Structures are given as C-alpha cells and as structure tokens.
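Below is one structure; the comments refer to it alone.
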Amino acid sequence: MAKVNVSIPQGTRDFGPETVRKRNFIFNTIREIFEQYGFQPLETPAMENLDTLMGKYGEEGDKLIFKILNNGLNDPKNIEKAKKAFQNLLSGKNDKDLTERALKYDLTIPFARYVAMHHGQLVFPFKRYQMQPVWRADRPQKGRYREFYQCDADIVGSNTLLNERELVHIYHAVFSQLGIHEYALKINSRKILAALAAICGGEEKLTDITVAIDKLDKVGPEKVREELSQKGLNEKQLAILSGYLAISGSNAEILSGLSALLGQTVAGKEGIQELSYLLDSTKTTPALRIMIDPTLARGLNYYTGIILEAKAPETVKMGSIGGGGRYDDLTGLFGVPGIPGVGISFGVDRIYDVMEELGLFPETVNVGTRVLFFNLGEAESEMSFNIMQALRYKKIACEIFHETAKMDKQFKYAEKKNIPYAAIIGARELAEKNITLKNLHTGKQETLTTESLLIYSF
RNA sequence: GUGGCCAUAGCUCAGUUGGUUAGAGCACCAGAUUGUGGUUCUGGGGGUCGUGGGUUCGAACCCCAUUGGCCACCCCA
C-alpha cells in the first residue's frame, strides 16, 4: 500500500464519524440548555481584524493570536512596503502592511465587537450563545489544542446578579446532563482581588497579584511570596497577602475571613456581598455546590466582578473545562461604553476528553442507521429497497447492503456500524411477502408484514 | 518561546552487546459454513523500521540534522 505523505497542522485534528457523534452529543446538550435559558444563537467570522483582537488578552495572549499573512505581498509595488513592515514585525510591532487579520482567539471579544457594531438594533438585555472554533498558537499538550471549540453564553446590558445566578445553573444543568457529576464550580470576585491589591501594593499591582496567586495550588505559598517580592511588594504587604492566602475552609468560613481582611474597603465589601448573594441563591438546589476560592484569578484582564471556573473531576487532571465572569465595559473597547455583561464558556474539547476518560458517553450515541436491509439477490433487494424507502419516509434511518453478499458479511457490517436491526428479505420472504426482522442486540428475530414493519417501534 | 520523552504492519506494541529473510496481538481478506453476526479453527495479504545524512564489512538498533507526536514550564478551554 502506498505510504501517504500528507498531514494536518500541529495541534489540529480530524474527527471521524464516531468522534463527531460524541462531540455532537456535547454540542446538542449545551445548545439545548442555552436555548432553555432563553439565549439566542450568534456566529461570527473565523477571522477578525487584528486590531479587534490585539491587546485584549494580555501580553501572553497577544503572542498566541494566529495572524494571517496579507495577500499580494510579492506584488512589485508592495515589496518595499512589505520589507519595511517585516522589519517592524521583527522588532515586535505588528504592521498592517504585512498582517491585518487574525483567527479569533475566543468568542467573547468578537461578541463585544458585534454588540458594539449593532447595539442600536439589539434588544437588551441581549442574551446570546455561540458555539464555534477558536485558535491559539500554543504548543499542544494534554487538553490543549491549537484549534478548539468554545460554547459561550453571555448576557449584556444588564447589571443584576440574577444573570450570574442563571449562568451558575447552566453550568450545573450541562454537567449533570452530560454525567460529569464530580465537577467543581469555583467562584471569586475581581472586586475582592482589587481590594486586596489596594491594601497591598496598590491597584497597579492587581495583575501581578492575580497572576501570582493563581499559581498557588501549583507552586505553593512560598513561591508566590517570592514572585511578589520580586514584583516589589514589601514585607508588610506580603504579610497581608499571606493572611489572604491562608483563608480557607467552608464557604461561610471563607466569607468571614474575607470580611475580616477586606470588609472595610468599598470594593471588598461589594465583592463579599455578591459572593454571598450567589451562594444563598443556590441553596434551593442542593446538588449545585459552588465553592468560593480566593485564589481563583483567571487570566483575562477584562473581568471586573464575579469570576467563575468549572474544573474537571480531580482524577482526570484536565483542569479547567469552563470559565467566565462579569465585565463592566467590554464594548467600551470598541467605542460603545456603558454596556456591562457577564458570560460563561464551555471547553468542548476538554469536556470530550474528560467524558472519554471517564467513560461517560452513552452507548446509543453511536447509533446512526437503525435498520440494515440485507441484499440477498436481485429480486430480493428490489423488494428491500422499496420497503426501505417507505421506512425512510417514516424518518427511520436505513441502509441497504451495497451488493449481494453472504449473510455473514452483511451481519458483520451491521455489527461494525452498530446498526441495531437487520431486515432480511431472502427467497423465502420474497415468496411469502414478509420480512424477517432481527434484533442484533438480543439475537431475537420475528416475521413481520410490510405494514407492521412500517409501524414498528425501532 | 524553553525543556524532557518518543517515532517499527491499518491499530497497539516486541525486537537481546549492531549480525542471515524484522515479529506478535488486534484488524483486514479467504475458507471450514449455498439462510443467520458476536465465539472458535485454518490459510493469506500487508513494513524503504518518520525523513535526510553519517559511522561500520554490516544499522530498526550508534551519531548528527530534520519533521511529527506526547508531556511539562509559561499561559490557558
């Protein structure tokens, strides 16, 4: 057999039929719940203007944006411009003469861009969901791909915490329905982190502080202190920080700890109130357990209020399978201030990996064709085909074996394709004008008339 | 962007200190079986050992380069 010599780009994947069915199971579940909660679908282009994306995800984020090379650079009249632009690029600056478009990095910023462009026509609060691929120029590793899907639900144009409350319920509904019961939903508030920054180092240290404490569970408190010491925090400030990091226990204990440390500041007080509200609001749904995690920070710097993150069950070592939070003024970045919002995201590819590892996909996910009509001869297959068409008309997925072959072969085909029923029409059935229907799962078979086959419940 | 591990049949892998014609299981095809699959038995096809170079009488094995994959750091879904 000839050796194929083709490949696909690093970090991308083909999805075979079985995988697509499983992925669709996840997509369908999420979509159904988004719709149940009153969200409307939206799609935006794969690429955006580079300007739209740059500077929205932090310094690291900018590096991970896939840029698209402009066309026509080799046109003689562009060559000089292109050379100059390339020099610019080498010194770390982007240049429109070389690249002005990029693949989208997430769904939130393109959504903000959309809202900014269409705010005049939208009904607020605008609740949209979006399920599309995004691209990141990251090195692939476990649970990390260069092309992956996000499923986002955002509400813009509304300030009330009822929105956060709904989003928390969406997380719970989706994970429950997918069978991922051991997930952890962690919440925190940027206001609390801002209050912390204010009393230890100043507000301009907010990003440094959030980045450092976000690593706490990985590197331990000592390293966090070290890192922040290098960022210029003094002993007294580090002591406050240590006090903050030591806050743990039940949600109530954490709240009182936070209250003692930050309750005097305006931001701290607000953050604590918001977390309390969200916690209280879930008490009527005991299965929905949220945990306050003071060390939850989240990388994206546009968040301003409640932030949340869904973690995969500990055993699978996948980390975050979803995240989100409130932002006060995302559209302000695009010249339309005053539209606050809050949203969440599901990482489908990681959810898939988690479900695969835990064996959570139902067996029925991979049933496509319900009935295989056997092909046992010319006249036989003629009768099969006609009955099959009638069944298809009744919305039952069927296929007929592509050629006359031994039953053995046709059974094996059905088995491999996970087809639950075989409709056998051979010489005998042809003469008696009936159909042998075999359930391949139980091995039982029965003789049916055409009429009874057409109303059979498969 | 930095570092570690790996690459042998369609898939999962074995292959001794470098030594004749590179193996196994699964999968595939055919037969045992002319109307009954999943189990079994028999036979068969399939490999430029990721790619390029080097060392050697001789390389899947050693060396260099390159590409790809996995994993970790950074960061993140």
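A quick note: this is a predicted structure, and the numbers were derived from the prediction, not measured. The chains referred to below are lettered A, B, ... by the order of the sequence lines, with proteins before strands, and numbering in each begins at 1.
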Counting the atoms with a prime plus P, OP1 and OP2 as sugar-phosphate, which does A:Ala427 contact under 4.0 Å by heavy atoms, base, sugar-phosphate, or nothing? base
Using atom P in both nucleotides, what's the gap between B:rU2 and B:rA60 to the nearest angstrom? 33 Å
Distance check, C1' atoms only: B:rA9 and B:rU33, in whole angstrom units. 30 Å
Mind checking if A:Ile321 touches a base, just sugar-phosphate, or nothing, with heavy atoms under 4.0 Å? sugar-phosphate
Rounded to the nearest 0.5 Å, how far apart are CG of A:Asp51 and CZ of A:Arg113? 12.5 Å
Does one side chain, of A:Gln130 or A:Arg128, offer a donor that lies under 3.5 Å from an acceptor on the other? yes
Kindly express the pairing pattern of RNA chain B in dot-bracket notation, using | wherever a base pairs with another strand and counting only Watson-Crick or G-U pairs under 3.5 Å. (((((((..((((.....[...)))).(((((.......))))).....(((((..]....))))))))))))....
What integer distance in Å separates A:Phe373:CZ from B:rG35:P? 20 Å
Integer-rounded Å distance: B:rG37 C1' and A:Tyr421 OH: 16 Å
Which whole-number value in Å describes the distance from A:Gln10 CD to B:rU66 P? 15 Å
Checking all strands, does A:Lys416 fall into the base, sugar-phosphate, or nothing category for heavy-atom contacts under 4.0 angstrom? sugar-phosphate
Write down the distance between CD1 (A:Ile424) and C1' (B:rU36), rounded to a whole number of angstrom. 6 Å
Residue set satisfying salt bridge (Lys or Arg N to Asp or Glu O under 4.0 Å) with A:Asp138, at least two apart, ordered chain then number -> A:Arg144
At 4.0 Å (heavy atoms only), tell me whether A:Asp106 reaches a base, stays on the sugar-phosphate, or touches nothing. nothing
Can you tell me which nucleotide in B:rC74, B:rA72, B:rG35 comes closest to the side chain of A:Lys142? B:rA72
Take atom C1' in B:rA22 and the same atom in B:rG58, then report the distance between them in whole Å. 16 Å
Determine the contact category for A:Arg298: base if any of its heavy atoms lies under 4.0 Å from a base atom, sugar-phosphate if only primed atoms, P, OP1 or OP2 are that close, otherwise nothing. sugar-phosphate
Taking NZ, NE, NH1 and NH2 as the nitrogens, is one of them in A:Glu415 or A:Lys412 under 4.0 Å from a carboxylate oxygen of the other? no
Just how far is it from atom CD of A:Gln150 to atom CG of A:Leu107, taken to the nearest 0.5 Å? 5.0 Å
Rounded to whole Å, the CD-P distance (A:Gln141 to B:rC5) equals 17 Å
Anything under 30° is parallel, anything over 60° is perpendicular, the rest tilted; go ahead and classify A:Phe111 against A:Tyr114. parallel
Whole angstroms only, please: what is the CH2-C1' distance between A:Trp135 and B:rC75? 20 Å
Which nucleotide wins on minimum distance to the side chain of A:Arg139, given the candidates B:rU36, B:rC28, B:rG3? B:rG3
Any base atoms under 4.0 Å from A:Gly426, or only sugar-phosphate, or nothing? Heavy atoms, all strands. base
Ring-plane angle category for A:Tyr327 and A:Tyr303, please: parallel below 30°, perpendicular beyond 60°, tilted otherwise. tilted
Rounding to an integer number of angstrom, what distance separates B:rU66 and B:rU20 when you compare their P atoms? 32 Å
Of the nucleotides B:rG37, B:rA72, B:rC75, which has the atom closest to the A:Phe411 side chain? B:rG37
Euclidean distance for C1', B:rA32 against B:rG52 (whole angstrom): 49 Å
Among B:rA77, B:rC75, B:rG38, the one nearest A:Leu64 by side-chain distance: B:rC75
State plainly whether the residues A:Glu274 and A:Arg326 are in salt-bridge range, i.e. N to O under 4.0 Å. no
Can you tell me how far P in B:rG43 sits from the matching atom in B:rC11, rounded to whole Å? 26 Å
Checking all strands, does A:Glu415 fall into the base, sugar-phosphate, or nothing category for heavy-atom contacts under 4.0 angstrom? base
The side chain of A:Lys409 is closest to which nucleotide in this list: B:rC75, B:rA77, B:rA30? B:rA30
For A:Glu380 and B:rG35, give me the distance from atom CD to atom C1', rounded to whole Å. 11 Å
Just checking A:Gly58: base, sugar-phosphate only, or nothing, at a heavy-atom cut-off of under 4.0 Å? nothing
Could you state the atom-to-atom distance from NZ of A:Lys67 to C1' of B:rG1 in whole Å? 13 Å
Which part of the nucleic acid, if any, lies within reach of A:Gly61 when heavy atoms closer than 4.0 Å are counted: base, sugar-phosphate only, or nothing? nothing
Scan A:Ser345 against the nucleic acid and name what it touches under 4.0 Å (heavy atoms): base, sugar-phosphate only, or nothing. nothing
Choosing from B:rA77, B:rC75, B:rG31, which nucleotide comes nearest the side chain of A:Glu60? B:rC75
Stacking between A:Phe346 and the base of B:rA77 (centre distance under 5.5 Å, interplanar angle under 30°)? no
For the CG atom of A:Leu50 and the CZ atom of A:Phe66, what is their distance to the nearest 0.5 Å? 13.5 Å
Could you check whether the side chain of A:Lys438 and the base of B:rG37 have a donor-acceptor pair of N or O atoms closer than 3.5 Å, going by distance alone? yes
Using the P atoms only, state how far B:rC28 lies from B:rC74, rounded to an integer number of Å. 45 Å
Given the rule in the side chain to side chain donor-acceptor pair (under 3.5 Å) test, do A:Thr369 and A:Lys417 qualify, once you have shown the distances and angles that lead to the verdict? CA-CA 8 Å; A:Thr369 302; A:Lys417 285 194 70 178; 4.7 Å; no
With rounding to whole Å, what would you report as the distance between B:rC62 and B:rU39 at their P atoms? 39 Å
